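Remember, predicted model here, so these are calculated numbers, not experimental data.
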Amino acid sequence: MNPKFLRIAVVLGLLSAIGPFAIDMYLPALPSIGTDLHAGTAAVQMSLLIFFLSMGFGQIVVGPISDMLGRKLPLYGGLALFMAGGIGSAMAPTIEWLIAFRFLQGLGASAGMAIPRAIVRDLHTGNEAAKLMSLLMLVFSVSPILAPLTGSQIIENFGWRAVFWTVTGAAVLATILLATSLKETRPVEERVGSSFGTALAGYRFLMGDRNFLGLVAIAGFGIASFFVYLSSSSFILIDHYGLSPSVYSVFFSINAVAFIGMSQLTGLLSERFGLKRVVWVAVTGYATTMVVLFAIMATGVDRLDVMAALLFVGYGFLGLVIPTTSVLAMEEHGEIAGTASALMGTLHFAIGALAMGVAGVFFDGTPLPMVAGITLCAVISFALAKVTLGRSREAVEAPAE
């Protein structure tokens, strides 16, 4: 593999992983944060939800800024905000202050979510973009494997506040890599004519593009299903099933292994069968797996091993959905890649935050409401794929030689 190609993937993946790292690493601490700050489950979950909201909606601003000012300067600003929010979270005296600083931290993380996708589009399209996106996902997906494991060890030895000092240190490392290993991919001449006015026009155009919105929504509900799992899994696995934070971290990481493994097949499968067919098969497999899991648990089967096995299979299919839909959605919007990536990210996180909020209302400490929320999201993603891709020959034929 081209070393330059790999280096870019590593840097972009690390920048993208900063935000999820700040989520996954402190998931094992949610119960202890509630105890330490004398806060209820809903308030502690709000510190997670507010991070998602600010990370999602911050992209709507930072994406156009990256079209106007280039990709690197907004990334520097985002990392600075993230570090400020991380320090504040580490020192928060109450749950209210923690929520406020998590909001600031999420705004900073939004740059790392929106801009790397735009950089991929700056550099490549088609199958090459799919290969780079899958490599980016490989680095990005290290977070849900290593972060909970690392977080649980840090929490057990140093307390939950040390988690935020650690993620702040990770942001410092990302800043160094950004400065030394990534060149600007949007030159000055390509920024001419980019403004907030053109961004608004771009948003209006994209909001009228049914293909773009359909592809974004397919991935959005897939991501939302994982957000539902994120918000409830630590309480269910630690409190309901009695796992320790360390064992919970291992359990959580297993699903990430499935996601990573399948996402790395994106380039190969897209060359052989075409991106649209890969999307269709993946969402069909994901929805089917989740419906089977819900049906089993709805009959009264409350077994961790059953849930673990089917989630592993399901999240493997989901690993094919995210990179393929992202490449397809961005394909025709290279001139406004930052704006398109920003709207994509915002819609992803808006859908995810809505799903998390609804799931929180029905949370009762048992796994069934969580599984029901995951299944509903998977079925909606399947339905959207059917509408967006249709039954046309284009949706199922392999690309021409």
Nearest-0.5 Å distance that lies between atom CG in Leu320 and atom CG in Leu269: 6.0 Å
Hey, mind stepping through Ile374 and Tyr286 against side chain to side chain contact (heavy atoms under 4.5 Å, CB included) and telling me if it holds? CA-CA 10 Å; Ile374 293 172; Tyr286 185 45; 3.8 Å; yes
Does the side chain of Phe363 reach to within under 4.5 Å of the side chain of Phe235, using non-hydrogen atoms? yes
Under 3.5 Å, side-chain donor or acceptor atoms of residues 44-51 against the rest of the protein: list the pairs with distances, not counting sequence neighbours.
{"unit_1": "Gln45", "atom_1": "NE2", "unit_2": "Ser231", "atom_2": "O", "d": "2.9"}
{"unit_1": "Ser47", "atom_1": "OG", "unit_2": "Tyr26", "atom_2": "OH", "d": "2.9"}
{"unit_1": "Ser47", "atom_1": "OG", "unit_2": "Val44", "atom_2": "O", "d": "2.6"}

Quick one: list whatever passes ring pair (Phe, Tyr, Trp, His ring centres under 6.0 Å) with Trp165, sequence neighbours left out. none
Examine distances only and state if a side-chain atom of Asp364 and a backbone atom of Pro369 form a donor-acceptor pair shorter than 3.5 Å. no
Any donor-acceptor pair under 3.5 Å linking the side chain of Gln59 with the backbone of Met344? no
Do the non-hydrogen side-chain atoms of Ser54 and Gln105 ever get within less than 4.5 Å of each other? no
Are the side chain of Ser341 and the backbone N or O of Ile115 linked by a donor-acceptor pair below 3.5 Å? no
Please check this pair: side chain of Thr289 against backbone of Gly285, looking for a donor-acceptor N/O pair closer than 3.5 Å. yes
With no hydrogens and no angle check, is any side-chain donor or acceptor of His348 less than 3.5 Å from a backbone partner on Val216? yes
Quick check against the 3.5 Å criterion: does Arg161 have a side-chain atom that pairs as donor or acceptor with the backbone of Ala92? yes
Side chains of Tyr315 and Ser225, donor plus acceptor under 3.5 Å: no
Run the side chain to side chain contact (heavy atoms under 4.5 Å, CB included) check on Met297 and Thr366 step by step: do they pass? CA-CA 11 Å; Met297 300 202 75; Thr366 68; over 6 Å; no
Between Leu311 and Met290, does a side chain to side chain contact (heavy atoms under 4.5 Å, CB included) hold up when you go through it step by step? CA-CA 8 Å; Leu311 284 176; Met290 293 302 101; 4.2 Å; yes
Out of Leu328, Leu215, Val281, Thr388, which residue meets the side chain to side chain contact (heavy atoms under 4.5 Å, CB included) rule with Lys276? Leu328
Please tell me if the side chains of Pro367 and Asp302 come closer than 4.5 Å, counting only heavy atoms from C-beta onward. yes
With side chain to side chain contact (heavy atoms under 4.5 Å, CB included) as the test, would you mind laying out the steps for Leu304 and Leu243 before giving the verdict? CA-CA 10 Å; Leu304 180 58; Leu243 302 185; 4.1 Å; yes
Does Thr324 reach the main-chain N or O of Val321 with its side chain, forming a donor-acceptor pair under 3.5 Å? yes
Would you find more than 12 non-hydrogen atoms of other residues, nucleotides or ligands less than 6.0 Å from Phe362 atom CZ? no
Could you tell me whether a side-chain N or O of Asp36 sits under 3.5 Å from a main-chain N or O of Ser32, the two making a donor and an acceptor? no
